[in-house]
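One structure is given below, encoded as structure tokens.
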2 protein chains.
Amino acid sequence: MAPFVMKVIGIDLHAPGTPPPAFEDLTVPGTRLGEDLAARLGSAVGAEHVVTDDLDRVVHTYGKGLADLVRVRVGDLPRVPDVVVYPADEDQVRAVVDAVVAADAVLIPFGGGSNISGSLTPPADEQRVIVSLDLGRMNRVLEIDEAAGLARIQAGVLGPDMEEQLTARGWTMGHQPDSFRHSTLGGWIATRSSGMQSDKYGDIADITRGLRMVQPGKVVVLRPLPSTSSGPSVREMILGSEGRLGVITEAWVNVHRVPENREIMAYLFPSWAAGVAAMQDISASDAAPSVTRVSDANETQFSLSTQKKSKGIKGKVSKALFAVLERRGWDLQNACLSYIGYEGSAEHVTRTKAIVGKIIKAHGGIKLGTGPGSLYDQKKFDTPYIRDFLLDIGAMGDVSETAAPWSKLMDVHSGTVRAAREAFAQLGVKGFVMCHLSHSYHSGACLYFTFAFPPGVESAEEQLERYWVVKSAIQQSFVDNGATISHHHGVGTDHSRWLEEDISEAGTDVMVALLRGVDPGRNLNPGTLLPAHREW
Amino acid sequence: MAPFVMKVIGIDLHAPGTPPPAFEDLTVPGTRLGEDLAARLGSAVGAEHVVTDDLDRVVHTYGKGLADLVRVRVGDLPRVPDVVVYPADEDQVRAVVDAVVAADAVLIPFGGGSNISGSLTPPADEQRVIVSLDLGRMNRVLEIDEAAGLARIQAGVLGPDMEEQLTARGWTMGHQPDSFRHSTLGGWIATRSSGMQSDKYGDIADITRGLRMVQPGKVVVLRPLPSTSSGPSVREMILGSEGRLGVITEAWVNVHRVPENREIMAYLFPSWAAGVAAMQDISASDAAPSVTRVSDANETQFSLSTQKKSKGIKGKVSKALFAVLERRGWDLQNACLSYIGYEGSAEHVTRTKAIVGKIIKAHGGIKLGTGPGSLYDQKKFDTPYIRDFLLDIGAMGDVSETAAPWSKLMDVHSGTVRAAREAFAQLGVKGFVMCHLSHSYHSGACLYFTFAFPPGVESAEEQLERYWVVKSAIQQSFVDNGATISHHHGVGTDHSRWLEEDISEAGTDVMVALLRGVDPGRNLNPGTLLPAHREW
């Protein structure tokens, strides 16, 4: 990987990095928690679960967005939660919510802390007491309705813990976002998450059938239903609400029998256009794969650079393969790597592979096999770690993802790559941007962009300014090209300034009506979702 | 059919019926439309499209619910729209909406008038001027995005007209509610409709990807997206909004290539439990049929009674078949008829049939063939007509449908049949109730109940009282057994009294916050969706 990184962003991976500062070097603002609220929170969850230590409060200040990482590294902590509470059950959540609202304080629900859209960051100018509600103790699969394929699960459970509890009984939810190891069911629901296998299992909005959400003085209870026409969907209002409508305490979700067979197959296309066209044809075919993914040429070059050099026969074969492709007239610089996932009975897997194989061939693609496919499976949750490493060595890396109709996808891709490169040029930095298509639907797909550049300035403030030049260029390209501000990372504070361009001003009015009607006092995670000028 | 109807509800189909009264015999209240609003509406849509004739106003007073039919038959017209306007495009809709709100009048959007949940009926005590907005002139497929499989279609188009425009270009939306011939795209969206083929094409909530909705002074514009995480879903707030958030003028919907092959196959199960279990196994299998439907024993008896007596060899074969089944130990009174639909490539159809065939066999079912299947296809849009005919001969018939997890489905069925029978007994009438499972999902299914009884009282008022005894017993059974108030007919005024039991009081608060925030003056179809005590 090192030569590749040196080539595209001019950074030496082997250079001594600058690790983040020690926690002791940070200056953490003192807590503003008063005695009355402290006492009430203590009686709600037990005094030992009401924590005002600096470390707990800083851990709950940020998510894991690039801006979060940069700010915490330089001790930029204008406002941290004044207290972190750890409820054990829904009754305790109710008591906390009621106490917070009675004291006109602010509540920020906290799951795994992996949010990368700024949904967790307290507003810097918030004068009221800020309470971070950590749902980590509410981590159990409460019930599996085996006759219906439904499980009732507490919102604070982390991905691996949840799947362990489910698979012990032969079930799986099949939801695998990049953040899987560090994110929670409640967080997935609150941000409208998608997983790598959502082509098969559905986005979290499809998976979530019933919900419980604590609001001041009450609990919204939505029983699990396969479908309903009971008016505007309250379930779909809670999905994506990012804490502004209340605290999700548990959900009924679709679960499936652990599949008999599971396989990820790698393919190579001669071009990005061929790869995208193949994904669309697969989605329109009778095949039903669990994963459809294709990288653009840049991401393919990046992926190949991260492979360990294969020695012996395997290395020779792949070298020979590339030579053959070149003789066939492929420009290997344009080649695009694809992963397709297969799950189910042996017969289903065989048949789906056959259908997909034909489509890939029709688009000039070739099969690389399950070897690279299993590599994908091993590395699939690694991406979140790369960013921290890049920061250590002086590069800023982040992601922006979107969705659009198939007809607009090529323009979204080329427009966004162009926008990022223009931003790099404007800043005079050597930047890199790459992309993959990560989810396919009947009428469109998700595009997932990753970008990195050495900021070339010292201060965190200037670095973040430059980060925003690039990030904004990318987000603006999305809405300008008919794509959405986010397919599965949510709005938070990072994407909210484009909300009106995404869902229209009048659509934003509808959202304001809902949020304001439920939370007139702005006690529930204020500042997320809406652009600042739309707050009341 | 006649002997069957005589047996189950004691009504003679051959007795002379009482047709509805002539229109001239109705007393229609005069219009309250004032000159100012009339002028403003005229300049909005042209004076010739502002109609205050009695006939137009009465046509726009009711939907097609049983209560609607009974009331219009006896000239029970406490409140009719004061004017019907027929806009030609969205700009005209905007002008109408603005005029109505400026005059503090009430707007009721009207599509095909086929609603059976009371969503169209003006509140009897509404003192303000009531404007019915008929979208029938906005009936065009505006655009097909062939590269994405999306079509932009005006909301006022009727099912057959829309499909004709689409199939002329090789596309279909695949949405086929019972009401297909008389209902509109906008109506489907406003009530969260489902069609017979929703197992393949999705409910209207899945099909609808983008929307335009006119609100006072503005237009909500949601661009077509395959999926998005831009906060609480405004799209899913408009779906099911039944006119209370504004007027849907057009939508971007998923469309598909007209399938190469299409087949409906009939099967017979030895029991309801076996049939339902088979539907669940099919939904969990690798098969992807377009229709999954199984009738309970009562509905099966009804269906068989409506078949024409087959003569010759065909009649002999089916007689022999039933004799064979009896010798095998079937109790034919418990037999349950099922229809499964297959669509797609020849290979897909063959394979899906093979998978389904095995499952049906495993549950003791047998194949009847495509003969009865094509009968289903011919008759599938006929049900709406039976009710009018029943009323002519003195019987009241109506439907109630719901959805629930598979684990609760048998209890929903038995509980609802029991509730209906107890209601019949309480009224001392000879009633009949039957049911079919009409849509399958991973975690549950839709149950569709039809009931009929001779009211045994003369006055419409007493008849409706009795109707409500039965209908209420059925709806109460739904919510008591963990099912929803409606799977695809919407809430209207008929189901709203159970809304709080369905989505909880706090969930209803969320809905009120939304509706009240958007329409504080209650100008947009007030009275639907919410129970009366929740109006502001």
Distance in Å, A:Met213 CE paired with B:Ser504 OG, rounded so as to fall on 0.5 Å steps: 11.5 Å
Side chain to side chain, B:Ser345 and A:Asp286, heavy atoms closer than 4.5 Å: yes
For chain A, the option from B:Asp206, B:Leu514, B:Val234, B:Asn254 that forms the most heavy-atom pairs under 4.5 Å: B:Asn254
Exam field: side chain A:Glu505 to backbone B:Val219, donor-acceptor pair closer than 3.5 Å: no
Residue pair A:Leu499 / B:Ser230, side-chain heavy-atom distance below 4.5 Å: yes
Electrostatic pair B:Asp502-A:Arg223, nearest N-O below 4.0 angstrom: yes
Part of B:Arg209 lying under 4.5 Å from any heavy atom of chain A: side chain
Structural part of A:Ala483 lying under 4.5 Å from a heavy atom of chain B: backbone
Engaged part of B:His495 at the chain A interface, taking heavy atoms whose separation is under 4.5 Å: neither
Top of B:Val491, B:Leu515, B:Val512 for chain A proximity - count of heavy-atom pairs under 4.5 angstrom: B:Val491
Test item: B:Ser229 side-chain N/O and A:Ser486 main-chain N/O as donor-acceptor pair under 3.5 Å: yes
Part of B:Asp203 lying under 4.5 Å from any heavy atom of chain A: side chain
Part of B:Ala404 lying under 4.5 Å from any heavy atom of chain A: backbone
Note, B:Met237 side chain near A:Val510 side chain (heavy atom, < 4.5 Å): yes
Heavy-atom proximity to chain A below 4.5 Å, by part of B:Ala190: neither
A:Pro232 vs B:Met511 side-chain heavy atoms within contact, under 4.5 Å: yes
Structural part of A:Ala445 lying under 4.5 Å from a heavy atom of chain B: backbone
Heavy-atom closest pair, residues A:Pro226 and B:Pro405: CD-N, 4.1 Å
Residue pair A:Ser233 / B:Leu239, side-chain heavy-atom distance below 4.5 Å: no
Nearest-0.5 Å distance, CG of residue B:Leu150 to NZ of residue A:Lys408: 8.5 Å
Nearest-0.5 Å distance that lies between atom CD1 in A:Ile485 and atom OG1 in B:Thr228: 6.5 Å
Side-chain ion pair, A:Glu347 and B:Arg351, N-O less than 4.0 Å: yes
Options A:Trp252, A:Trp406, A:Trp498, ranked by heavy-atom pairs under 4.5 Å with chain B, top entry: A:Trp406
Partner chain A: residue of B:Gly507, B:Gly231, B:Ala403 with the largest heavy-atom pair count (under 4.5 Å): B:Gly231
Max heavy-atom pair count under 4.5 Å with chain B, selected residue of A:Ala513, A:Ala147, A:Ala148: A:Ala148
Residue part contacting chain A, namely of B:Val479, when any heavy atom lies under 4.5 Å: both
Segment of A:Ser443 engaging chain B (4.5 angstrom heavy-atom cut-off): both
Winner by heavy-atom pair count (cut-off under 4.5 Å) against chain A, out of B:Arg516, B:His439, B:Gln280: B:Gln280
Contact winner vs chain B - A:Gly444, A:Gly202, A:Ala284, A:Gly517, heavy-atom pairs under 4.5 Å: A:Gly444
Gap separating the OG1 atom of A:Thr402 from the CG atom of B:Leu225, nearest 0.5 angstrom: 7.5 Å
Greatest number of heavy atom pairs closer than 4.5 Å to chain A - which of B:Glu401, B:His256, B:His489: B:His256
Most chain B-contacting option - heavy-atom pairs closer than 4.5 Å, from A:Glu146, A:Lys218, A:His487: A:His487
Contact winner vs chain B - A:His488, A:Glu242, A:Arg244, heavy-atom pairs under 4.5 Å: A:His488
Side-chain (B:His442) to main-chain (A:Val255) donor-acceptor, under 3.5 angstrom: yes
Chain A contact via B:Glu501 - which portion, at a heavy-atom distance below 4.5 Å: backbone
